[in-house]
Amino acid sequence: RQRQMCIRDSVYKKEAGLGIITLNQPNVLNALNAKAYEELYEVAELADQDDGIQVLIFHGAGRGFCAGDNITDGDLLKKRTSMGAYQYILGLQRVFNRIESIKKPVIAAIHGAACGGGLELALVCDIRIAAESARLGLPELKLGALPCIGGTQRLPRLIGTAKTKELLFTGKLLPAVEAERLGIINQVVPDGRELEEAVSMANVIKERSSLALHMAKAAVDQGRNHDLYTALEIEARNDAMLFDTADFREGMLAFSEKRPPVFRGR
């Protein structure tokens, strides 16, 4: 069964336990403006609270994933004081932080350009699958600005500070294969196959217990902000919390009975 909701700059489709959010401003390569950010927050809330969705996928309509912020509509160029700009940027970070905090696995299916805010959107997803011809980068310094929605913080956590600085300072756009080698991209696929491969992976993931997926994601995301021994405590706590669930008992029983488990998220 398929359900689809159009907001304005995005389309949220639900089908067979998957949620697909398609950025839908192809005439500007899905560049983001203030309204688009508001919609992203809204659909992230909807998807996170929807028990019928087990995995979420972000994709872009048209020729690219997302070309970053739309600087041609004047929204980002409105005169602001430094404090006004600071508050505006915090609002953008709130949107991407909300996407990152979604309890379910989130996959970015990338084609064409994923630049600036587009790459920063991909970075808050758990897994990134890219078409061979995709290009990724943070070109903001060419405009006299900085990546401000996590690019200077999330990217070095993936690839280290030296390589991040190189990409920031030069504004270089990475081919998908090089981005995979660096660890930004999980998988590179033939052009036109990125969404298909994301759906295929999502269909494998959704067979897992939704409770275990939540706890596993939380263990990784919370643990990376702590020292090893504190992170191990988080890991132990999250695993122990699963022992009283019906899904855990079903998983153990299915293993002993040599059959696929039927998880119900309880």
Side-chain angles (χ1 to χ4, degrees), residues 10 18-23 29-32 40 43-44 47-48 53-68 93 95-140 147 149-160 163-164 166-168 172-206 208 213 216-218 220-221 224:
S10 59
L18 306 183
I20 300 176
I21 298 173
T22 303
L23 305 178
L29 288 177
N30 302 311
L32 303 170
L40 283 176
V43 293
D48 202 15
I53 296 297
Q54 291 139 293
V55 185
L56 192 63
I57 298 171
F58 278 90
H59 188 239
R63 295 183 294 113
F65 178 70
C66 177
Q93 291 183 352
V95 176
F96 282 15
N97 291 346
R98 182 64 188 89
I99 295 170
E100 187 174 45
S101 71
I102 291 172
K103 297 185 292 292
K104 304 155 190 189
V106 181
I107 302 173
I110 301 166
H111 70 296
C115 304
L119 176 54
E120 289 172 307
L121 173 58
L123 291 175
V124 299
C125 298
D126 300 302
I127 294 169
R128 288 162 288 280
I129 296 174
E132 287 176 333
S133 63
R135 295 292 183 271
L136 303 90
L138 298 170
E140 284 87 344
I149 325 176
T152 68
Q153 302 306 310
R154 291 188 175 98
L155 191 56
R157 284 166 167 78
L158 279 179
I159 66 173
K163 196 64 183 181
T164 297
E166 177 189 336
L167 296 178
L168 285 173
K172 176 184 178 182
L173 295 185
L174 291 175
V177 171
E178 186 176 351
E180 181 186 34
R181 181 181 62 79
L182 290 173
I184 302 173
I185 295 298
N186 295 76
Q187 183 180 351
V188 176
V189 299
D191 288 351
R193 292 275 305 278
E194 65 283 347
L195 182 56
E196 178 185 340
E197 291 297 330
V199 169
S200 178
M201 182 181 291
N203 282 328
V204 172
I205 293 171
K206 77 176 188 181
R208 310 294 174 250
L213 286 170
K217 178 171 176 174
V220 173
D221 289 347
R224 70 184 178 189

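A donor-acceptor pair is defined here as one N or O able to donate and one able to accept, closer than 3.5 Å; such a pair exists between the side chain of Thr164 and the backbone of Gly160. Put simply, the side chain of Arg157 gets close to the backbone of Gln153: a donor and an acceptor are under 3.5 Å apart. For the pair Glu194 (side chain) and Gly192 (backbone), a donor-acceptor distance under 3.5 Å is present. The closest donor-acceptor contact from the side chain of Asn30 to the backbone of Gly60 lies at 3.5 Å or more, if one exists at all. In this structure, Asp126 contributes its side chain and Val106 its backbone to a donor-acceptor pair below 3.5 Å. Asp48 places no side-chain N or O within donor-acceptor distance of the main-chain N or O of Ala44, the cut-off being under 3.5 Å. Not a single donor-acceptor pair under 3.5 Å links the side chain of Asp221 to the backbone N or O of Ser101. Under the 3.5 Å distance criterion, the side-chain polar atoms of Asn186 are left unmatched by any main-chain donor or acceptor of Ile127. For Arg128 (side chain) and Ala109 (main-chain N/O), no donor-acceptor pair under 3.5 Å exists by modelled atom type. Checking side-chain atoms of Lys104 against main-chain N and O of Ala47 turns up a donor-acceptor pair under 3.5 Å.
Comment: Lys172 engages Glu178 in a salt bridge, judged by a side-chain N to carboxylate O separation of less than 4.0 angstrom. For Arg154 and Glu100, the salt-bridge test passes: some basic side-chain N is under 4.0 Å from an acidic carboxylate O.
Inter-residue side-chain proximity for Ile102 and Leu56 is flagged as met; some heavy-atom pair is nearer than 4.5 Å. Counting heavy atoms from C-beta outward, Cys115 and Leu138 have side chains that stay 4.5 Å or more apart. A 4.5 Å side-chain heavy-atom check between Lys163 and Leu182 finds at least one atom pair inside the cut-off. Between Ile129 and Ile185, every side-chain heavy-atom pair lies at or beyond the 4.5 Å cut-off. Between Met201 and Ile205, the closest side-chain pair of non-hydrogen atoms falls below 4.5 Å. The closest side-chain heavy-atom distance from Leu155 to Leu168 is not below 4.5 Å. Taking 4.5 Å as the limit, every side-chain heavy atom of Leu173 sits out of range of all side-chain heavy atoms of Leu167. A heavy-atom distance below 4.5 Å is found between the side chains of Phe65 and Leu121.
Scanning both residues, Leu123 and Ile184, for their nearest heavy atoms gives CD2-CG2, 4.4 Å. Of all the heavy atoms in Pro139 and Gly116, the pair that sits closest is CD-N, 3.6 Å. For the pair Ile110 and Ala122, the tightest heavy-atom approach, listed with the atom from each and the gap, is CD1-CB, 3.8 Å. Heavy-atom minimum distance, Ala176 versus Val188: O-CG2, 3.5 Å. Residue Ala131 comes nearest to Asp191 through the heavy atom pair CB-OD1, 3.4 Å, listed as atom of the first residue, atom of the second, then distance. Residues Cys66 and Leu32 approach most closely at SG-CG, 3.8 Å, considering heavy atoms.
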| request: Give the C-alpha distance, both sets of side-chain angles, the deciding distance and a yes or no for side chain to side chain contact (heavy atoms under 4.5 Å, CB included) between Phe58 and Ile99. | output: CA-CA 10 Å; Phe58 278 90; Ile99 295 170; 3.8 Å; yes
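Within the structure, the ring-ring contact (aromatic ring centres under 6.0 Å, His included) test picks out the following pairs touching residues 103-122 (sequence neighbours left out): His59-His111.
Take Arg135 and apply the side-chain hydrogen bond (donor to acceptor under 3.5 Å, both in side chains) test, not counting sequence neighbours, and it matches no residue.
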